[in-house]
Each structure stands twice: as C-alpha cells, then as structure tokens.
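Written out below as structure tokens is the structure these notes cover.
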Amino acid sequence: MKFMASIERDAATERHGYSAFAIHPSRSSTLATEPECVHSMAMRPTSEAPANSPPACIDEVEPNAIPVAPVFGILFALSFAHLVNDTLQSLIPAIYPILKAELRLDYSHIGLITLTNQLTASLLQPFVGAFTDKHPQPFSLALGMASTLAGLVLLSLAPNLALVLVAVAFVGIGSSVFHPEASRVAHLSSGGRFGFAQSVFQVGGNAGSSLGPLLAAAIVVYRGQKSVIWFSLLALIGIVVLSRVGVWYRDCLAHHRAAKRRAAFHRETGLTRTRVIFSLGILIVLVFSKYFYLASMTSYYTFFLIEKFSLSVRDAQLHLFIFLAAIAAGTFLGGPVGDRIGRKAVIWVSILGVAPFALALPYANLFWCAVLSAIIGLILASAFSAILVYSQELIPGKVGTMSGLFFGLAFGLGGIGSALLGAMADRHGIPFVFHICSYLPLIGLFTALLPNLGTPRRAASTAATA
C-alpha cells in the first residue's frame, strides 16, 4: 500500500511540474533506452552525516531518488570500452623499441613522447569532468574514442617525431574525454551500488592495461610500426559500443531536464567548505601513496627479483603477472565491499592494511615474495574505487569533476613516481627503492582525518523508509 501511495503521489507531482519515472526491471540487463530509476517524494530527515547514496539516474536528480537495480548492459559495455581504451593507451609505451629503431630516436625523444601522452591523458581530465558536469555530452564518449582512432592511424603512418607527438596527443585526449564521462555513466547506471559499478568499470581498464603489451609483442614487434593501424579496428568497435551507451545516456538526460528546471533540490553534506577541501587533500595524499607504491612494483619489481634472486627475465615476469592478477581481483572486490561497509572502511584497509606486507617484502625469500605481492595487490587495488566514490559523495553533483581529478592524478602520479623512483634506483640501487617504498602505505593513517559519511546500505534504507 505504501508503494502504491508513493506512485500516486509521483503521478500527482508530475502534473504539478515534477518528474516521476516508470521502472522496467525486466530490461535492466540490456542497453535500455529509458532511465531505470524510481522516485519517492517522501522527505528525508536532516542529519549531519548525509546518506551517501546519491541518485541513480544522474548526479543532478532529486535526492530522494531510490535506485532499483544496476543497468548491467550499460555497465558491461562501459567495462568493455574501458578495456579497449586502456589497451590502446598501454600500446604506446609497448612499441617504444619499434619507434626508436624505425625513426632513429634517442631516449630523450622517448621521454618527450611519454610526457606528451601523459600530459594530455592526465591534465585534461579534471577540466573535461568539470565541463561535462555543467554541460553533459551524451556522445562525447564516442568522440573520445574517435580521437584515439585518429591518433592510432596517424601513429602507424608517422614518418618523424613531430607527427608521433601529435598522434600520441590525440590518443591522450581520447583517454581524457573517456574516463570522466564514462565514470559518470557508470555512476548513474549503478542502481545505487556505486562501488560495484566503479569496480566493474575499473576491471575492464586493468585488463586492457595488461593486454596492450601482449598484443604489441604478438603483432607490432614482428610487423613493424605500420601494423599499429590494425588496432584501429578495436577503436572502431569501441565507437560503436559507446554510441549505444550515448543513446541511453541521452534519453536519461532528456527525461530529466524538465524536472531539473522546476524541482527545488538541496543536497547537503553537513560539512563546511574548508572541511570538504581538507578531505579532498587527504584523498589526494592517499592516491599519492597508492600510485607511488604501484609504480615501484609495476616498473621495478622484476628488476628487484632479478637482482636479489638471480631470476631470469621470464621468471621475474611471471612473478609480476601474479601481482597484476591480484590487482585485477582486488579492483573488482573493493567496490561491492564498500557498498556494504562504507568507503572509509575500505580506504582504511586498502591503504594502511597493506603496510605490514609491504614492510616485510624487501626481506622475504622468493616464495614469500610471491605470496606477499599477491596479498599486496589484492588489498591495494580496492582503494581507487573506494576513493573515487567517496569523493563523489563528498561533493554531490560533481561526478565528472571528481572522476577527472582522480583519474588524472592516477595517470600523472604513476608517471611521476616511475621517473623519480628510476632516478633513485640509479643513484642508490633497486633494494633501496623497495625499502623506502615499503613505508608508503603507512600514509594510510591519514584516513582517520576523513569525515564519516555513513554506510551506503544504511543510508539507502533510511531514505526508503522516511
């Protein structure tokens, strides 16, 4: 009876200028063309700690929108597109030896290529996110992939360094457009399970990052620079998939705009502006801890094993694969756990919880290095989804801005960390780098300074029964 009364109230408010959407649960696993959320007009009680279960349709809907279920077709499409995007991104460093040989480049030129790609792929993301928060662009995802496609075609044909730089800039721009807006669509299609949605989205990216070097080794190494053009087929597939996602996103926005113009809507976190800015600073410090430590592992773990245990390159790569596989598993687990117990708890465990294992790793034998690296990867990987969703809940209505900021930081800090740690290794040796980096997870103690936003499941229950 309460449900029917709520539907009747929604119909009445629709006649008075508010929006009420119909729900079609049977289509939740397809690329639906209508937003799948239902609204309740019940008033939520005011409290200092907000319910951190933002609206499911988009980040600017009424605060009492009660999510129904994730739109799995959209989430899996985004995850696949993320796999394509990150595969093509990781292809660039994988073909450096080919470019160096065919175009007669030196190492400073390689560094310039990396800088160009990283700058366009990281620094632009917060600006793209801020712009699309104010002006959502349903088909910007497909346009971003088209930029990547143009970059790949140009890269396959580039006869000199200048055109290579233009090509990798196009690929970087495509990534800058993709991540903030795709994260927003994952958020709005989550059905209220925001951590789960971000984890599904992130798993595709992690898989793509590992596929790029493998595909480069299988194709480009044997066929040369011109064979890069074959990867444009992947980008074409990505454009088709993201165009379908764009149709769903456009229809969701179209259903919303009339209600957004009329409905008075307040989302308060109960935090002062200073506290919010301070909390963002803490999150940035935590991202620094995570990605500098990851840089030490992904870039130098194989060198550490080769130097300490006299392993072959092949055996060292197998140990690195164990670590990367654990990261993929941890990425998927972190989001759903955060939905259940709260983001702050996951951040605590995923950053600080790594500390004892990281501190033990430089002193372990080969067997325990494998075990410890798997544990570290599993725990540490869950941090990013929790940090990203926490930032979105900290500043409601800025999903794109927060996604762009933290994806940009992830790209940028990973590149900076790799360069700085490489310089440190040249001066003091690889073992010294791993001893220093083993203390980075202790920065997780700063998590204590973050405000408690409540647990998502309890917050959603409060909104539903209010």
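Along the sequence shown, the residues carry numbers beginning at 1. Model, not experiment: these values are computed from the prediction. All heavy atoms count here, side chains included; hydrogens, waters and symmetry mates do not.
Atoms CD and CG, on Glu393 and Leu388 in that order, are 10.0 Å from each other to the nearest 0.5 Å. Here the NZ atom belonging to Lys290 is positioned 12.5 Å from the CG atom belonging to Leu440, to the nearest 0.5 angstrom. How far OG of Ser147 is from CZ of Phe178: 13.5 Å, rounded to the nearest 0.5 Å. Rounded to the nearest 0.5 angstrom, Leu394 CG and Ile282 CD1 are separated by 11.5 Å. Within the model, atoms CG of Asn117 and CD1 of Ile92 stand 4.0 Å from one another, a figure rounded to the nearest 0.5 Å. From Phe231, atom CZ reaches atom CG of Leu236 across 14.0 Å, with rounding to the nearest 0.5 Å.
Residues Val241 and Phe76 have side chains not in contact (no heavy-atom distance under 4.5 Å, counting atoms from C-beta outward). Annotation: side chain of Ser373 is not in contact with side chain of His319 (no heavy-atom distance under 4.5 Å). Leu283 is listed as a side-chain neighbour of Phe406, based on a closest heavy-atom distance under 4.5 Å. Using a 4.5 Å cut-off on side-chain heavy atoms (C-beta onward), Gln125 and Val128 make no contact. The side-chain heavy atoms of Ile327 and Leu294, taken from C-beta on, include a pair separated by under 4.5 Å. Taking the side chain as every heavy atom from C-beta outward, Cys437 and Leu421 approach each other to under 4.5 Å. Side-chain contact between Leu380 and Pro441: absent, with no pair of heavy atoms (C-beta onward) separated by less than 4.5 Å. You'll find the side chain of Val185 reaches within 4.5 Å of the side chain of Trp248, heavy atoms only.
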- Task: Check step by step if side chain to side chain contact (heavy atoms under 4.5 Å, CB included) holds for Met402 and Leu280.
- Result: CA-CA 10 Å; Met402 292 299 100; Leu280 282 177; 3.8 Å; yes

- Item | Evaluation steps, side chain to side chain contact (heavy atoms under 4.5 Å, CB included), between Phe446 and Ile351 | CA-CA 10 Å; Phe446 284 103; Ile351 302 290; over 6 Å; no

- Item | Val228 and Ile95: CA distance, side-chain angles, deciding distance, side chain to side chain contact (heavy atoms under 4.5 Å, CB included) verdict | CA-CA 9 Å; Val228 171; Ile95 65 171; 4.0 Å; yes

- Task: Evaluate the criterion side chain to side chain contact (heavy atoms under 4.5 Å, CB included) for residue pair Asn85 and Ser175; output intermediate values, then yes/no.
- Result: CA-CA 7 Å; Asn85 181 84; Ser175 184; 3.6 Å; yes

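Considering all non-hydrogen atoms of both residues, Ala316 and Thr302 come closest at O-CG2, 3.6 Å. Between Leu149 and Ala235, the shortest heavy-atom contact is CB-CB, 3.8 Å. Heavy atoms only, all atoms of each residue included: Ala77 and Val245 are closest at CB-CG2, 3.8 Å. For the residue pair Ala186 and Leu78, the shortest heavy atom distance occurs at N-CD1, 3.5 Å.
Listed by chain and number, the residues in a side-chain contact (heavy atoms from CB on, under 4.5 Å) with Thr447 are Leu286, Lys344, Ile347, Trp348, Leu450 (sequence neighbours excluded). By the side-chain contact (heavy atoms from CB on, under 4.5 Å) test, Ala374 is found to be paired with Ile322, Ala326, residues two or more places apart in sequence or in another chain being considered. Annotation: side-chain contact (heavy atoms from CB on, under 4.5 Å) contacts of Ser227 (sequence neighbours excluded): Ile219, Val220, Arg223, Trp230. When the ring pair (Phe, Tyr, Trp, His ring centres under 6.0 Å) test is applied to Phe288, the partners found at least two apart in sequence or on another chain are Phe292. Under the side-chain hydrogen bond (donor to acceptor under 3.5 Å, both in side chains) criterion, Ser183 pairs with Gln198, Ser403, sequence neighbours left out. Under the rule for a side-chain contact (heavy atoms from CB on, under 4.5 Å), Leu143 has no partner lying at least two apart in sequence or in another chain.
For the ring pair (Phe, Tyr, Trp, His ring centres under 6.0 Å) condition, the pairs that include at least one residue of residues 133-155, sequence neighbours left out, are Phe131-His135.
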Ignoring hydrogens and angles, write down the donor-acceptor pairs under 3.5 Å from the side chains of residues 153-171, residues two or more places apart or on other chains.
residue : atom : partner : partner atom : Å
Ser156  : OG   : Val153  : O            : 2.7
Asn160  : OD1  : Ala162  : N            : 3.3
Asn160  : OD1  : Leu163  : N            : 3.0

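Proximity of a side-chain donor or acceptor of Ser296 to a complementary backbone N or O of Tyr293 within less than 3.5 Å is detected. No donor-acceptor distance shorter than 3.5 angstrom exists from the side chain of Ser189 to the backbone of Val71, with no hydrogens or angles considered. At distances below 3.5 Å, at least one donor-acceptor pair connects side-chain atoms of Glu102 with backbone N or O atoms of Gln225. When atom types are taken as modelled, the side chain of His82 and the backbone of Gly204 share no donor-acceptor pair closer than 3.5 angstrom. When atom types are taken as modelled, the side chain of Ser79 and the backbone of Leu75 share no donor-acceptor pair closer than 3.5 angstrom.
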